[in-house]
Amino acid sequence: MSKPSLPQGTRDFNAATVQKRQYIFQTIKSVFELYGFQALETPAMENLETLMGKYGEEGDKLIFKILNNGLDLPQKKQQTLEGVEKLFAGKSSTELTERALRYDLTIPFARYIAMHHGSLTFPFKRYQIQPVWRADRPQKGRYREFYQCDADVVGSDSLLNEVDLMSVYLTAFGNLKLPVEVKMNNRKILLGLAQFCGGEEKLIDLTIAIDKLDKIGWEKVKEELNTKGFSDAQQKIIQQYLNITGSNEEKIAQLKKLLGDNASVLKGIEELNYVLQYHPSSGMSKQLVADFTLARGLNYYTGLIFEVKALNTDMGSIGGGGRYNDLTSLFGVPNIPGVGISFGVDRIYDVMEEKNLFPPSIEQTTQVLFFNLGEEEAQAAYAQMDLLRNKKIACEIYPEKSKFDKQFKYAEKKGIPNVIIIGTEELGKKECKLKNINTGIQTTILFNELVNYKF
RNA sequence: GAGGGCGUAGCUCAGUAGGUUAGAGCGACAGUUUGUGGAUCUGUAGGUCGUGGGUUCGAGACCCAUCGUUCUCCCCA
């Protein structure tokens, strides 16, 4: 038998890891609920049709597809072979696969809205904390199965939603004690730039090239723009655009100077300003950074876009989101605008681990271990344990009669702070010995007093 | 999809220029100690050196392939 192993990019989580992850989930979830979002869960798998074509060409390739059952049935052989043919022709094949694992939470949410818009009350605010799967090559901070925590508002155009979501970000990361900055830009500004550089149809090429700036540098971006057919004059404008620096106010002033006669850019700036300046007293403005080089890969965004970066680490973005005018029209239900944000829990975990930000208090375990010193003694111990458990004190009894050594070591390894010893001596006197593992202090307590002991 | 690093005991790793019986630390288990843990000491178990080929008198080491893993690029959380 070969050694058991895990599929690439997936992980097991031990007790300590689960507790830390739960701490992140809980923190985010309670902020979501504080802001009026309600939970939604959707299936791990969706119809392939629901997902395909929503994430761009690259994204489609990374969708985990589920092979149909019964492909090996003799009567289906012809159909299966046709499916394979289609596959090699570069088309998707419903003969072979009709379902896929969800790639993110936003598209399944849009599908949900499209299916239930008749019975939902708008504006509809939902949050969703579930795993997603991507057939990506794993590397640092990148897994094939990872959790997303999304909060979205649909059915409202108001920028107050953006303000609220930025507050959710800052509150949640504040509660996690994780220093971050939220970069903001507006697709309308990028659209304006594209219009300035030869047309809206170049928006996607433009955003993809711009997005790479901080990674590959201007020279490489320039090369890419060249191959995509941007003229020298256009490249010059793009370079000026990317060179904008300074405080939020200074950046916006420079942008106005450069592209201020474009209506889309002006609109974009206005929206950006609205959110940046909504309540200056909160200190929000400090962590919100206008960044015109932010582009984001997903093309369904149409308004403000956000990306969260943890400070002082080389981890990529740990969250992102933006406004989309018309996501549900992909599913035949137009005119439901929305805006959403997402937390990348696995990366947040990695950063917090790296920076040692988990409070020690979240590691909780059994409070009391009862020693097992024989059948009769164990029975007495079990009765005492019942009483403590009724008081919501986490207890366990060592399941077999063993040497002290072994039972002590068990408690120590598991981090159980208290052991209770009931042997023949104690049994006779109806008392027990309570020993604190950390301090080494041992006290004697009568059975009928144990329930009221403060652990 | 492209490119690099690494696979030796449960874990972390050594293994010199290919040479006879593959090592250490930690951990596990047992004893020292039939009712008081963390320490010490002693002992024990555990490896077809990722897999398959090849070169060689001889391969853990060199070559090829393959699988796994990790990192970078693309893309993304």
Side-chain angles (χ1 to χ4, degrees), chain A residues 2-11 24 28 55-63 102-106 129-150 180 204 207-209 211-212 215-217 220 224 294-299 306-310 314-322 340-351 369 371-374 377 398 401-428 432-444:
Chain A
S2 61
K3 279 190 184 174
S5 66
L6 232 38
Q8 198 178 30
T10 66
R11 298 150 298 158
I24 298 173
I28 295 171
Y55 306 107
E57 215 176 302
E58 290 295 327
D60 284 353
K61 281 191 219 160
L62 301 180
I63 294 171
R102 66 168 165 253
Y103 179 87
D104 71 355
L105 301 178
T106 307
I129 301 179
Q130 288 190 281
V132 303
W133 294 269
R134 297 185 186 178
D136 210 348
R137 279 284 170 77
Q139 52 186 277
K140 188 181 179 187
R142 179 176 301 186
Y143 307 99
R144 291 187 139 184
E145 177 182 63
F146 62 97
Y147 270 74
Q148 289 192 331
C149 299
D150 278 28
V180 296
I204 293 174
T207 53
I208 289 174
D211 202 28
K212 295 178 189 169
K215 228 167 194 173
I216 63 177
K220 288 275 174 64
E224 180 153 344
L294 174 65
R296 293 196 61 73
L298 298 170
N299 290 319
F306 335 105
E307 197 161 287
V308 186
K309 177 86 182 65
D314 60 356
M315 183 65 75
S317 75
I318 56 173
I341 58 172
S342 178
F343 290 79
V345 175
D346 299 78
R347 284 188 178 179
I348 292 171
Y349 176 93
D350 288 348
V351 173
L369 174 73
F371 272 27
N372 186 335
L373 299 169
E377 292 86 343
Y398 200 81
K401 178 184 187 306
S402 297
K403 291 200 286 185
F404 271 54
D405 186 59
K406 197 147 185 168
Q407 304 198 42
F408 266 120
K409 277 185 178 158
Y410 177 80
E412 197 187 336
K413 287 234 170 100
K414 210 169 162 183
I416 300 173
N418 304 292
V419 300
I420 287 180
I421 301 164
I422 299 173
T424 27
E425 275 177 41
E426 290 83 4
L427 199 55
C432 57
K433 298 243 165 66
L434 168 68
K435 182 161 183 175
N436 183 303
I437 292 272
N438 301 317
T439 62
I441 296 171
Q442 184 166 307
T443 48
T444 305

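This one's a predicted model, so the numbers in the text were calculated from it and none came from an experiment. As a basis for the values below, the full set of heavy atoms in this structure was taken, side chains included, without hydrogen atoms, waters or symmetry mates. Labels below follow one simple rule: chain letters A, B, ... track the order of the sequence lines, proteins then strands, and each chain is numbered from 1.
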A.B. asks: Name the residue from Q407(A), K413(A), K414(A) that meets the side-chain hydrogen bond (donor to acceptor under 3.5 Å, both in side chains) definition with Y410(A).
C.D. replies: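 It is K414(A), the one option of Q407(A), K413(A), K414(A) that forms the side-chain hydrogen bond (donor to acceptor under 3.5 Å, both in side chains) with Y410(A).
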
A.B. asks: Please give the distance between the C1' atoms of C13(B) and G54(B) as a whole number of Å.
C.D. replies: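 One C1' to the other, the span is 29 Å.
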
A.B. asks: Can you check the distance between C26(B) and U36(B), where both ends of the measurement are the P atom (answer in whole Å)?
C.D. replies: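 After rounding to an integer number of Å, I get 27 Å for this pair.
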
A.B. asks: In whole Å, what separates the C1' atom of A28(B) from that of U69(B)?
C.D. replies: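 Going atom to atom, C1' in each nucleotide, I get 26 Å.
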
A.B. asks: Within the structure shown, what part of the strands sits under 4.0 Å from G59(A) by heavy-atom distance: base, sugar-phosphate, or nothing?
C.D. replies: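 Since no nucleic acid heavy atom lies under 4.0 Å of G59(A), the category is nothing.
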
A.B. asks: Backbone N or O of S317(A) within a donor-acceptor pair of the R347(A) side chain at under 3.5 Å?
C.D. replies: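 Looks like yes, one N/O pair under 3.5 Å.
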
A.B. asks: Does A45(B) have a Watson-Crick or wobble partner in any strand here, with both distances under 3.5 angstrom, and which is it?
C.D. replies: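 Answer to the pairing question: none, since A45(B) forms no Watson-Crick or G-U pair.
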
A.B. asks: Looking only at non-hydrogen atoms, find the nearest pair between I437(A) and I416(A) and report the distance.
C.D. replies: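 Closest approach of I437(A) to I416(A), heavy atoms only: CG1-O, 3.5 Å.
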
A.B. asks: Could you write out each protein N or O paired with an N or O of nucleotides 67-71 of chain B at a distance under 3.5 Å?
C.D. replies:
unit_1 : atom_1 : unit_2  : atom_2 : d
C71(B) : OP2    : K140(A) : N      : 3.4

A.B. asks: Using the C1' atom in both, what is the distance from G10(B) to U33(B), to the nearest Å?
C.D. replies: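 My reading of the C1' atoms in G10(B) and U33(B) gives 28 Å.
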
A.B. asks: Between C1' on G38(B) and CG on N436(A), what's the gap in Å once rounded to a whole number?
C.D. replies: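 My rounded result for the distance is 14 Å.
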
A.B. asks: How many angstroms lie between CZ in R102(A) and CD1 in I63(A), if you round to the nearest 0.5 Å?
C.D. replies: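 Those atoms lie 13.5 Å apart.
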
A.B. asks: I'd like to check F306(A) versus L294(A) (side-chain heavy atoms, cut-off strictly below 4.5 Å). Are they in contact?
C.D. replies: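 Side-chain contact under 4.5 Å: no.
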
A.B. asks: State the pairing partner of A65(B); accept Watson-Crick or G-U wobble contacts with both distances under 3.5 Å, and report none otherwise.
C.D. replies: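 Partner of A65(B): U51(B).
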
A.B. asks: Would you say F146(A) and D136(A) make side-chain contact, with heavy atoms under 4.5 Å?
C.D. replies: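 Not in contact.
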
A.B. asks: Under the 3.5 angstrom rule, does the side chain of N436(A) hit a backbone N or O of I441(A) as a donor-acceptor pair?
C.D. replies: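 No: the side chain of N436(A) does not pair with the backbone of I441(A).
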
A.B. asks: For RNA chain B, find the residues of residues 415-424 of chain A with a heavy-atom distance under 4.0 Å and give them by number; none if there aren't any.
C.D. replies: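 Under 4.0 Å from RNA chain B: I421(A), G423(A), T424(A).
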
A.B. asks: Expressed as a whole number of angstroms, how long is the span from E58(A):CD to C73(B):C1'?
C.D. replies: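 Atom CD in E58(A) sits about 12 Å away from atom C1' in C73(B).
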
A.B. asks: Atom CD of E412(A) to atom C1' of G37(B): distance rounded to whole Å?
C.D. replies: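 Rounded to the whole Å, the gap is 6 Å.
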
A.B. asks: Please give, in whole Å, the distance from C73(B) C1' to K61(A) NZ?
C.D. replies: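 From K61(A) NZ to C73(B) C1': 14 Å.
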
A.B. asks: Heavy atoms, side chains only, cut-off 4.5 Å: are F343(A) and I318(A) in contact?
C.D. replies: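 No, their side chains stay 4.5 Å or more apart.
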
A.B. asks: Nearest whole Å is fine: how far is G37(B) P from K433(A) NZ?
C.D. replies: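 Rounded to whole Å, this separation is 14 Å.
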
A.B. asks: Detail all sub-3.5 Å separations between protein N/O atoms and N/O atoms belonging to nucleotides 29-33 of chain B.
C.D. replies:
unit_1 : atom_1 : unit_2  : atom_2 : d
G31(B) : OP2    : K403(A) : NZ     : 3.1

A.B. asks: Quick one: sort the Y55(A) and Y103(A) rings into parallel, tilted or perpendicular, breaks at 30° and 60°.
C.D. replies: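 Y55(A) vs Y103(A) ring planes: tilted.
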
A.B. asks: Has the side chain of E145(A) got a donor or acceptor atom that lies under 3.5 Å from a matching backbone atom of R11(A)?
C.D. replies: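 No: the side chain of E145(A) does not pair with the backbone of R11(A).
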
A.B. asks: Without decimals, in angstroms, what is the distance between F371(A) CZ and U36(B) C1'?
C.D. replies: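 F371(A) atom CZ is separated from U36(B) atom C1' by 7 Å.
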
A.B. asks: Between G68(B) and U51(B), how far is it from one C1' atom to the other, in whole Å?
C.D. replies: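 About 10 Å, rounded to a whole number of Å.
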
A.B. asks: Assign I437(A) to base, sugar-phosphate, or nothing according to its heavy-atom contacts below 4.0 angstrom with the strands shown.
C.D. replies: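 Counting heavy atoms under 4.0 Å across all strands, the contact made by I437(A) includes a base.
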
A.B. asks: Work out how far the P atom of A59(B) is from that of C75(B), and round it to whole angstrom.
C.D. replies: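 Taking atom P in both A59(B) and C75(B), they lie 48 Å apart.
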
A.B. asks: Would you mind telling me which of G35(B), G37(B), C75(B) lies closest to the side-chain atoms of F404(A)?
C.D. replies: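 Nearest to the side-chain atoms of F404(A), counting from C-beta on, is G35(B).
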
A.B. asks: Taking all non-hydrogen atoms of both residues into account, name the closest pair between L373(A) and F404(A) and its distance.
C.D. replies: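 Looking at all heavy atoms of both residues, the shortest contact is CD2-CE1, 3.3 Å.
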
A.B. asks: Side-chain donor or acceptor of Q407(A) under 3.5 Å from a matching atom on the base of G35(B)?
C.D. replies: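 Between G35(B) and Q407(A), which were checked side chain against base, a qualifying N/O pair under 3.5 Å is absent.
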
A.B. asks: Is any side-chain heavy atom of E426(A) closer than 4.5 Å to one of T444(A)?
C.D. replies: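 Counting from C-beta outward, T444(A) and E426(A) never come under 4.5 Å.
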
A.B. asks: Looking for any heavy atom pair under 4.0 Å, which part of the strands does E57(A) touch: base, sugar-phosphate only, or nothing?
C.D. replies: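 Since no nucleic acid heavy atom lies under 4.0 Å of E57(A), the category is nothing.
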
A.B. asks: Counting the atoms with a prime plus P, OP1 and OP2 as sugar-phosphate, which does Y143(A) contact under 4.0 Å by heavy atoms, base, sugar-phosphate, or nothing?
C.D. replies: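 Base, at least one base heavy atom under 4.0 Å.
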
A.B. asks: On a whole-Å scale, what distance lies between the P atoms belonging to A9(B) and G52(B)?
C.D. replies: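 Here A9(B) and G52(B) have their P atoms 16 Å from each other.
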
A.B. asks: In whole angstrom, give me the gap between the P atoms of G50(B) and U12(B).
C.D. replies: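 One P to the other, the span is 14 Å.
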
A.B. asks: Do side-chain atoms of D346(A) reach the backbone of G141(A) as a donor and acceptor pair under 3.5 angstrom?
C.D. replies: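 Flag not set: sc D346(A) to bb G141(A) has no pair under 3.5 Å.
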
